[in-house]
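Since the structure comes first, as structure tokens, the remarks are kept for the end.
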Amino acid sequence: MRTVIKGLGHYVPENVVTNHDLAKLMDTNDEWIRERTGIVERRHVGRDGDEPTSVLGFKAAQKAIENAGIDKNEIDFIIFATLSPDLYFPGCGVQLQEYLGIDTVGALDIRNQCSGFIYALSTAHAYVQSGMYKNILVVGAENHSFGLDMTTRGRGVSVIFGDGAGAAIVGASDDESRGILSCNMHSEGKYAEELTMQFPGTKYGWADNLLDEDFKIEIEKIYPHMNGNFVFKHAVTRFPEAIQEAFEDAGESVENLKMLIPHQANLRISQFIQKRMNLSDDQVFNNIQKYGNTTAGSIPIALSEAAEQGKIQKGDLVCLAAFGSGFTWGSVLLRF
């Protein structure tokens, strides 16, 4: 049996936040953001929005189920990737199960940030190949806007991220012209705090300290921190490595690649990879310009859009690749 993607769906909030909108909140401008990231606009739920991460994932999942042409009750497992869960615990997977109103299927949450969907899809592939599950709902979703520092102090991070979700129905098929060909996952934990959000967490004992009325948390601890140049240098190395590994493991040639869908971290990173691999513009799908970096939602949103726009067809050789916080990275090569 092959592991195939049976259906895709994505959802982004209606609220569009342009670079010009951000310039009203912090010392930045459209030219500065475009030059460094390639981003023109992004979608934000916002602090007062009514779409937590689980709801974003639910709306994407509904579309994926419809696209797959299956009944929701045919789903026998859920994998939900996010760094921005509704609650500290439990995770979003069980909430999604409840929203969908399906039976007591298992729900697994994955915390691998920008690589979350790669890890989730690889895990789903292993479950399908083992014969344990037949139809797995895989979701990558993020609501970043609830916790970004929307001031000049936080502009290096806050201008990058957007909200949104993508979903895929992953299952078994006897169609030998399609399916996942290879997966790889890697990590390098010594760089964990080069891209991190430390609060809430147990490392610094904040749970007790918060009860002390005199305790003050350092402002940089409660917002995402990124060593941008350091992350960029590692990303442009690890991305090509993971992609090359996927092709070697599958015994495929890069010359046969129809579409590379990289994690939408930074348009400059995607362009660097494209140039290094000698790929044409038609072989790399980018949508960071209008959505920003949606972390775990990035690849499934892009994959769903690419399929919706007819840029990938059944049987096309497609490579998905990601690098992010952890550091974690990996890729999936498949015949779509």
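- Side-chain N or O atoms of E142 include none that pairs as donor or acceptor with a backbone N or O of A165 at under 3.5 Å.
- To the nearest 0.5 angstrom, N227 atom CG is 12.0 Å from E193 atom CD.
- The side-chain contact (heavy atoms from CB on, under 4.5 Å) test with N143 is passed by exactly one of D163, L83, V55: D163.
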**Request:** Test R238 against E188 for salt bridge (Lys or Arg N to Asp or Glu O under 4.0 Å), laying out the working first.
**Result:** CA-CA 11 Å; R238 298 306 190 185; E188 197 168 15; 3.0 Å; yes
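- Within a 6.0 Å radius of CD in E98, no more than 12 heavy atoms belonging to other residues, nucleotides or ligands are found.
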**Prompt:** Step by step, would you call L181 with L317 a side-chain contact (heavy atoms from CB on, under 4.5 Å)?
**Reply:** CA-CA 10 Å; L181 304 176; L317 191 61; 3.7 Å; yes
**Request:** Under the side chain to side chain donor-acceptor pair (under 3.5 Å) rule, what do T295 and H144 come out as? Steps first, then yes or no, please.
**Result:** CA-CA 9 Å; T295 306; H144 290 119; 2.8 Å; yes
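- Among the candidates I261, I243, V284, V254, the single residue satisfying the side-chain contact (heavy atoms from CB on, under 4.5 Å) test with C319 is I243.
- Residues R2 and G179 come closest through the heavy atom pair CB-CA, 4.3 Å.
- Around the CD atom of E66, the shell of radius 6.0 Å holds no more than 12 heavy atoms that belong to other residues, nucleotides or ligands.
- A salt bridge is defined here as a Lys NZ or Arg NE, NH1 or NH2 lying under 4.0 Å from an Asp or Glu carboxylate O, and E305 with K290 meets this definition.
- F117 has its side chain out of reach of S298: every pair of non-hydrogen atoms, C-beta onward, lies at least 4.5 Å apart.
- For the pair A167 and A64, the tightest heavy-atom approach, listed with the atom from each and the gap, is O-CB, 3.7 Å.
- Around the CD atom of E255, the shell of radius 6.0 Å holds no more than 12 heavy atoms that belong to other residues, nucleotides or ligands.
- Without hydrogens or angle criteria, E245 side chain to N184 main chain gives no donor-acceptor distance under 3.5 Å.
- R276 places a side-chain N or O within 3.5 Å of a backbone atom of V236 that can act as its donor or acceptor partner.
- Using modelled atom types, one side-chain atom of R47 and one backbone atom of S145 make a donor-acceptor pair closer than 3.5 Å.
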**Asked** Taking it one step at a time, do H10 and S304 satisfy side chain to side chain donor-acceptor pair (under 3.5 Å)?
**Response** CA-CA 6 Å; H10 67 278; S304 177; 2.7 Å; yes
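- To the nearest 0.5 Å, the span separating CD1 on I5 from NE2 on H125 amounts to 11.5 Å.
- For the pair I102/I78, a side-chain contact is recorded, criterion being any heavy-atom separation below 4.5 Å from C-beta on.
- Two residues are said to be in side-chain contact when any heavy atoms from C-beta on lie closer than 4.5 Å; I136 and I169 fail this criterion.
- Between the D109 side chain and the C92 main chain, a donor and an acceptor come within less than 3.5 Å of each other.
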**Message:** Before you tell me yes or no, could you show the steps for R43 and V17 under side-chain contact (heavy atoms from CB on, under 4.5 Å), namely the whole-Å CA-CA distance, both residues' side-chain angles and the distance that decides it to 0.1 Å?
**Reply:** CA-CA 6 Å; R43 305 296 181 93; V17 178; over 6 Å; no
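- Looking at T18 and V16, their side chains come closer than 4.5 Å, going by heavy atoms from C-beta outward.
- Across N293, N15, N19, T294, a single residue satisfies side chain to side chain donor-acceptor pair (under 3.5 Å) together with R42, and that is N19.
- With a 4.5 Å cut-off on side-chain heavy atoms, F239 and P262 count as touching.
- At distances below 3.5 Å, not a single donor-acceptor pair connects side-chain atoms of E194 with backbone N or O atoms of M226.
- V138 and L96 fall into different hydrophobic clusters, where Ile, Leu, Val, Met, Phe, Trp and Tyr side chains are chained together by heavy-atom contacts under 4.5 Å.
- Within 6.0 Å of the CG atom in N229, the count of heavy atoms belonging to other residues, nucleotides or ligands does not exceed 12.
- Side-chain atoms of S115 come within 3.5 Å of backbone atoms of T328 as a donor-acceptor pair (strictly under, hydrogens ignored).
- The closest side-chain heavy-atom distance from R178 to K314 is below 4.5 Å.
- For the pair F247 and L333, the minimum side-chain heavy-atom distance is below 4.5 Å.
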**Prompt:** Does the pair D175 and S173 meet the rule for a side chain to side chain donor-acceptor pair (under 3.5 Å), with working shown?
**Reply:** CA-CA 5 Å; D175 185 350; S173 171; 5.1 Å; no
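- A donor-acceptor pair under 3.5 Å is formed between the side chain of T82 and the backbone N or O of A141.
- When atom types are taken as modelled, the side chain of H44 and the backbone of F161 share a donor-acceptor pair closer than 3.5 angstrom.
- In this structure, Y99 and F58 have tilted ring planes: the angle between them lies in the 30° to 60° band.
- G164 and L56 get closest at one heavy-atom pair: N-CD1, 4.1 Å.
- For N73, the side chain to side chain donor-acceptor pair (under 3.5 Å) test picks out D71, with sequence neighbours left out.
- The nearest pair of heavy atoms linking W32 to N29 is N-OD1, 2.7 Å.
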**Prompt:** side-chain contact (heavy atoms from CB on, under 4.5 Å) between V159 and I39: does it pass, once the steps are laid out?
**Reply:** CA-CA 8 Å; V159 301; I39 300 168; over 6 Å; no
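- Remark: Y223 OH to D149 CG distance equals 5.0 Å, nearest 0.5 Å.
- Considering only heavy atoms from C-beta on, E51 comes within 4.5 Å of K59 through its side chain.
- Side-chain N/O atoms of E308 and N67 include no donor and acceptor closer than 3.5 Å.
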**Request:** Report the C-alpha separation of E31 and R36 in whole Å, then their side-chain angles, then the decisive distance to 0.1 Å, and conclude whether the salt bridge (Lys or Arg N to Asp or Glu O under 4.0 Å) test is met.
**Result:** CA-CA 9 Å; E31 182 181 4; R36 287 161 177 77; over 6 Å; no
**Request:** Show your reasoning for whether ring pair (Phe, Tyr, Trp, His ring centres under 6.0 Å) applies to Y191 and H234.
**Result:** CA-CA 10 Å; Y191 299 127; H234 279 72; 4.8 Å; yes
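- For the atom pair CE of M1 and OG of S130, the computed distance is 12.5 Å after rounding to the nearest 0.5 Å.
- H225 places no side-chain N or O within 3.5 Å of a backbone atom of T196 that could act as its donor or acceptor partner.
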**Request:** Carefully, step by step, assess T37 and N266 under the rule side chain to side chain donor-acceptor pair (under 3.5 Å).
**Result:** CA-CA 5 Å; T37 69; N266 186 309; 5.9 Å; no
**Message:** Run the side-chain contact (heavy atoms from CB on, under 4.5 Å) test on K134 and D76 for me, step by step, so that the C-alpha distance in whole Å, both residues' side-chain angles and the decisive distance to 0.1 Å come before the verdict.
**Reply:** CA-CA 7 Å; K134 294 182 179 179; D76 46 14; 3.7 Å; yes
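- For the pair A168 and L8, the tightest heavy-atom approach, listed with the atom from each and the gap, is CB-CD2, 3.7 Å.
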**Criterion salt bridge (Lys or Arg N to Asp or Glu O under 4.0 Å) on E35 and R268, from CA distance to verdict** = CA-CA 9 Å; E35 180 182 339; R268 291 194 300 150; over 6 Å; no
**Request:** Assess whether salt bridge (Lys or Arg N to Asp or Glu O under 4.0 Å) is satisfied between R335 and E176, documenting all intermediate values.
**Result:** CA-CA 9 Å; R335 288 279 177 191; E176 295 185 359; over 6 Å; no
